[in-house]
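Naming convention: chains lettered A, B, ... in sequence-line order (proteins, then strands); numbering from 1 in each chain. Keep in mind it's a predicted model, so treat the numbers as computed, not measured.
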Amino acid sequence: MLHSSDKYQDIRDAVRALCAEFPDEYHRRVDEERAYPEEFVDALTKAGWMAALIPEEYGGSGLGLTEASVIMEEINRAGGNSGACHGQMYNMNTLVRHGSKEQRDFYLPKIAAGELRLQSMGVTEPTTGTDTTKIKTTAVRKGDRYVINGQKVWISRVQHSDLMILLARTTPLAEVKKKSEGLSIFLVDIKQAVKSGMTVKPIRNMVNHETNELFFDDLEIPVENLIGEEGMGFKYILTGLNAERALIAAECIGDGYWFTDRVTAYVKERNVFGRPIGQNQGVQFPIAEGFIEIEAASLMRYEACRLYDAGEPCGAQANMAKYLAAKASWEAANACLQFHGGFGFAAEYDVERKFRETRLYQVAPISTNLILSHVAEHILGLPRSF
Amino acid sequence: MKVLVPVKRVIDYNVKVRVKSDGSGVDLANVKMSMNPFDEISVEEAIRLKEAGKVDEIVVVSVGPQQAQETIRTALAMGADRGILVKVDDTVEPLAVAKILKGIVDEEKPELVILGKQAIDDDCNQTGQMLAALLGWSQGTFASKLDLGEGTVEVMREIDGGLQTVKLTMPAIVTADLRLNEPRYASLPNIMKAKKKPIDEKAASDYGVDTAPRLTVVATNEPPARQAGVKVADVAELVSKLKNEAGVL
Ligand SMILES: Cc1cc2nc3c(=O)[nH]c(=O)nc-3n(C[C@H](O)[C@H](O)[C@H](O)COP(=O)(O)OP(=O)(O)OC[C@H]3O[C@@H](n4cnc5c(N)ncnc54)[C@H](O)[C@@H]3O)c2cc1C
């Protein structure tokens, strides 16, 4: 395995040691059975990793997004898929930074102890796609309750989470000055909601991602579950979205190292025409290129995390890190599959599984095109196209 | 009761070792270093004794460069209480390590020292035995089971012919074999706690030990490459080859 040492070595070593108890066969079986890696997520929770971002006074370890990104990177690098558990990491600061004292006091110790999971975030809707401010799910206040109606799609880990952060419109679009106003976020008690107006419909998909359609039919939630101020939800949800982008960048980086490690080992051993295929520059260069791009993406990831942890604006960096990392891991995945030849397609080598898993990140949580458009219009000041 | 656990920073067991081109040793530049796996087993055993209420304090000590502090931190994150780093930059031979450890034992007064049976870098398998001799303590080497009694410790040893159990009077030296236990991985809260645990820094001279090597490494060689095998058509050919070519029948 490639080795370079950084100041997170203790975290890396400990996560690697835990992941080593869940070898390739484990993740392969979970994928084959379209199951949820319950034992793995449980072990991560018990060893305190899923509470890394929770402040120490609430029973967590009070670490920053940088360390969280290293944890996610190592999970993917070890052959796992952080997609099963990254939700709690990217949601955490939304609750820590914008939740009320009562909400923090009530939820954080339980999440830190592993009694509750906060793994879901409900943003995407079928009819609005990436145009988030146009979402049609509404929350209307009635006394001490909000009544939710609408529909979401691709909402992940709902069947394996206790809590979900939900984005809904509280003031109609026509009545707000800026389209990003009038949106609010809520903590939804999933088990409760399923009994009183929320329907969960799993979506079978290309990767083994537990993801669902959600339907809200007069779901009532107590006003105490509103996070922050009504109407300001879009600003709060960005705390989660930026974290998500930086963390997914890290996961892609972990994938990238996994592909590089595997393909490097394979092409050294595989002999064709009387010599290792890795002796051909046509084989070497795409592998080297993928590796260079992963290393570069990793630097942008650290920059995004640094800004995030300092509480500074980091939208551009988080998006760019995710763009670079998703692209790099895809290049590395492609080289890995290509140079495994036919064996790359055999489930037994895990390459095809990781290949599928890493492909997701050019589309979710935000597609490559939308990042390019954000950079073009918001950073370079080009005319708005939408 | 106090337990002392010496830990060594060695080349990681996953690393494919390369011999330096001048044969003076193995290449350590940019190579992953970790705690000697047998020492992890010693640390684990000490922690289990503490969890069973039989031990009050676990002190880990490493003789090595500044970076050996990370190895001590790893032991602290597993559950040891405090550390001592005896800073030495060059290679330290087992006898010098044993003399330094004797100095620490004199100061710390543990009743039990658990060491790895050997370090996976030089495979010496000497330090524990030398320490026992220097201290005049009883020793139970290659332990695959350890039972702590009142003033005694029973050690099941892995020997060539099978297993042997010895009963030692404390204070005693035990060296850990592979099957003694399976070491735990550190949890995040324990890694955070370990950052706050104390590590004392000492020099070999604090214990009056001269670490200058007494042995000279003459050569270091790669193991010979394995020869390709041959396929035989049938049992008759196999027997004939074993008889006439390999000369083993
Ligand atoms: C496995 C999985 C898990 C997910 N989990 C979650 C979750 O937990 N929570 C959640 O809220 N969402 C989740 N999502 C949703 C995900 O964030 C969206 O799929 C993603 O943001 C893209 O939105 P969309 O699917 O509506 O695509 P669309 O917005 O319909 O876009 C389709 C394509 O058109 C392109 N496009 C659209 N507009 C433009 C334009 N103006 N210029 C150029 N190109 C454009 C896009 O780049 C994209 O390639 C998940 C998705 C998947 C597949």
- Task: Give a yes or no on this: more than 12 heavy atoms of other residues, nucleotides or ligands lie within 6.0 Å of atom CD of Glu222(B).
- Result: yes

- Message: I'd like to know whether CZ of Arg18(B) has more than 12 heavy-atom contacts from other residues, nucleotides or ligands below 6.0 angstrom.
- Response: no

- Message: If I measure from the heavy atoms of chain B, does Leu63(A) come under 4.5 Å with its side chain, its backbone, both, or neither?
- Response: side chain

- Evaluate the side-chain proximity of Tyr185(B) to Glu21(A): yes if any heavy-atom separation is below 4.5 Å, no if none is. yes

- Is Gln66(B) atom CD crowded by more than 12 heavy atoms from other residues, nucleotides or ligands, each under 6.0 Å away? yes

- Query: Glu67(A) versus chain B, heavy atoms under 4.5 Å apart: side chain, backbone, both or neither?
  - Reply: neither

- Query: More than 12 non-hydrogen atoms from neighbouring residues, nucleotides or ligands closer than 6.0 Å to NZ on Lys20(B), yes or no?
  - Reply: yes

- Answer yes or no: is there an ion pair linking Arg12(A) with Glu70(B), defined by an N-O contact shorter than 4.0 Å? no

- Query: Taking Asp12(B), Asn190(B), Leu188(B) one by one, which has the highest count of heavy-atom pairs under 4.5 Å against chain A?
  - Reply: Leu188(B)

- Does a salt bridge link Lys32(B) with Asp13(A), judged by any charged N lying under 4.0 Å from a carboxylate O? yes

- Glu51(B), CD atom: more than 12 neighbouring heavy atoms under 6.0 Å: yes

- Which of Arg73(B), Lys195(B), Met192(B) passes side chain to side chain contact (heavy atoms under 4.5 Å, CB included) with Asp10(A)? It is Lys195(B)

- Item | Closest heavy-atom pair and its distance - Pro189(B), Gly48(A) | CD-CA, 3.9 Å

- Count the heavy atoms of every other residue, nucleotide or ligand shown that sit under 6.0 Å from NZ of Lys2(B), and state whether that count exceeds 12. yes

